[in-house]
Protein chains: 2
Amino acid sequence: MPKLGMEPIRRAALVDATITEIGKSGTLDVTVSQIAKRAGMSSALAHHYFGSKEQIFIAAMRHTLSLYGAGVRGALAMAQGPRGRIEAVIRAGFSTTNFRREVVAAWLNFYVLAQTNAEARALLLIYQNRMRSNLVHDLRQLVGDRAEGAAERIAGLIDGLYLREALGREIPSGEDATRQVLEALDLEIGAAQ
Amino acid sequence: MPKLGMEPIRRAALVDATITEIGKSGTLDVTVSQIAKRAGMSSALAHHYFGSKEQIFIAAMRHTLSLYGAGVRGALAMAQGPRGRIEAVIRAGFSTTNFRREVVAAWLNFYVLAQTNAEARALLLIYQNRMRSNLVHDLRQLVGDRAEGAAERIAGLIDGLYLREALGREIPSGEDATRQVLEALDLEIGAAQ
DNA sequence: GGGTTTTTATTGACTCGTCAATCAATGAAA
DNA sequence: TTTCATTGATTGACGAGTCAATAAAAACCC
């Protein structure tokens, strides 16, 4: 019963299943069979479309990053003024889409992978640079030449709280984390007056 | 040629080798044989002393945490006043002992493990609570009832910069990270005046 | 002290599972 | 009849954990 044009559907299903399975196990130590089963196909088919397990992971990372990017762009589109734009970037990161257990688990493992895998590292750098440039651009207007340092601190705080919240509670609360980052942001702004 | 009393020596060698190997590979996916070989013994002996691979890892984590704790205590002993004590805690975390590639790699993998392994999570919570209580205690005298929030932000920033520095550069620079956290600390203090 | 037994240290060889990747085979559209 | 979709079965490698065997120190016994 081969319906044509299955490839993109299968790929998408595998990517989703990968995130879910990583979330379930917490590790990259999930088997292709597990992923394939959750995606409703045989492991052979998964290999057929992606070639290797590593490629499945990279695709899943790409997808996660692109979801995150879309969230940020969406939030930025609605934002008013520099402070509003920064707030948008912060909120997007801790939104319920990007701040679920599975997604955090995936991120954690991206970090681990990025230590050795060039492709993973490149993706992470893209994310980090985008974050930095977003922050610096708007901070410039708020804190002048303190912008670079402030951006580094805000970005670091986001990453750190992301990590901490994710491990600390059963259900991560983006609300608390967001509040903390906004507080730090206001300290940065206040200090420049 | 069995010299007696080898057990502690072997255990220590295995713990060291574990950190080194995790640092080399970036993952917990190192084989017991690799670790044992680096520690100068057979894998059978490693199993003899630790029982399982997981136990070897836990022991390595314990060791890393205890080194960190010792560093913090040492720095605190020399510190003057609340602001000096906080600075000591920050500097200890980014000191060259605790801020090497292998150690960061180990930490990253602890985080991954802590998602699912109760023992790992317990160890991480100990570290986090110690950090929080250190910070809150001294911040109280500097920023009053803003202490809790400030501690959360400082701790989050430390964790985040730890992560970022470790991935960003070939050789992580504790100097830059320390400067950033101290700057954030001064913002917190300044805001309370 | 000399002999025997227990304890500790140590490893090579082996078992048993698991899993990524491949392949040959099947079926259905084009 | 070519091309796409799909899978069960298989291969081949690797790796955790076990075991039996060796050796030497120590403890015990007369």
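By convention in this document, chain letters (A, B, ...) are assigned in the order of the sequence lines, proteins followed by strands, and residues within each chain are numbered from 1. Source: prediction; values computed, not measured.
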Tell me, please, which residues at least two apart from A:Arg146 pass salt bridge (Lys or Arg N to Asp or Glu O under 4.0 Å).
A:Glu188, B:Glu183

Of all pairs that satisfy ring pair (Phe, Tyr, Trp, His ring centres under 6.0 Å), the ones with a partner from residues 116-151 of chain A, not counting sequence neighbours:
A:Tyr68-A:Tyr127, A:Trp107-A:Tyr127

Provide, to the nearest angstrom, the distance between the CD atom belonging to A:Glu7 and the P atom belonging to D:dT6.
10 Å

Could you list the residues that satisfy ring pair (Phe, Tyr, Trp, His ring centres under 6.0 Å) with B:Phe94, not counting sequence neighbours?
B:Phe99

Separation of D:dG17 C1' from B:Glu54 CD (nearest whole Å)
14 Å

What pairs with A:Arg140 under salt bridge (Lys or Arg N to Asp or Glu O under 4.0 Å), at least two apart in sequence or on another chain?
A:Glu148

Quick check on contacts: within residues 8-29 of chain B, what sits under 4.0 Å from DNA chain D by heavy-atom distance?
none

Does B:Phe50 have any ring pair (Phe, Tyr, Trp, His ring centres under 6.0 Å) partners at least two apart in sequence or in another chain, and if so, which?
none

Can you work out whether A:Lys53 or B:Gly5 has the more 5'-proximal nearest nucleotide on DNA chain C?
B:Gly5

Can you sort out the partners of B:Tyr49 under ring pair (Phe, Tyr, Trp, His ring centres under 6.0 Å), two or more places apart, ordered by chain and number?
none

Enumerate the side chain to side chain donor-acceptor pair (under 3.5 Å) contacts for residues 75-103 of chain B, please, sequence neighbours excluded, ordered by first and then second residue.
B:Arg83-B:Glu87, B:Arg83-B:Asp186, B:Arg85-B:Asp138, B:Glu87-B:Arg91, B:Ser95-B:Asn98, B:Arg100-B:Glu102

Looking at every non-hydrogen atom in both residues, tell me the closest pair between A:Ser33 and A:Ser43 and how far apart they are.
OG-CB, 3.7 Å

Checking A:Arg121 now: which residues fulfil salt bridge (Lys or Arg N to Asp or Glu O under 4.0 Å) with it, not counting sequence neighbours?
none

Review item, nucleotides 1-3 of chain D N/O atoms under 3.5 Å of protein N/O:
none

Check salt bridge (Lys or Arg N to Asp or Glu O under 4.0 Å) between B:Arg62 and all other residues, then give those that pass, not counting sequence neighbours.
B:Glu119

So if I take residues 30-49 of chain B and measure heavy-atom distances to DNA chain C, which residues fall below 4.0 Å?
B:Met41, B:Ser42, B:Ala44, B:Leu45, B:His48, B:Tyr49

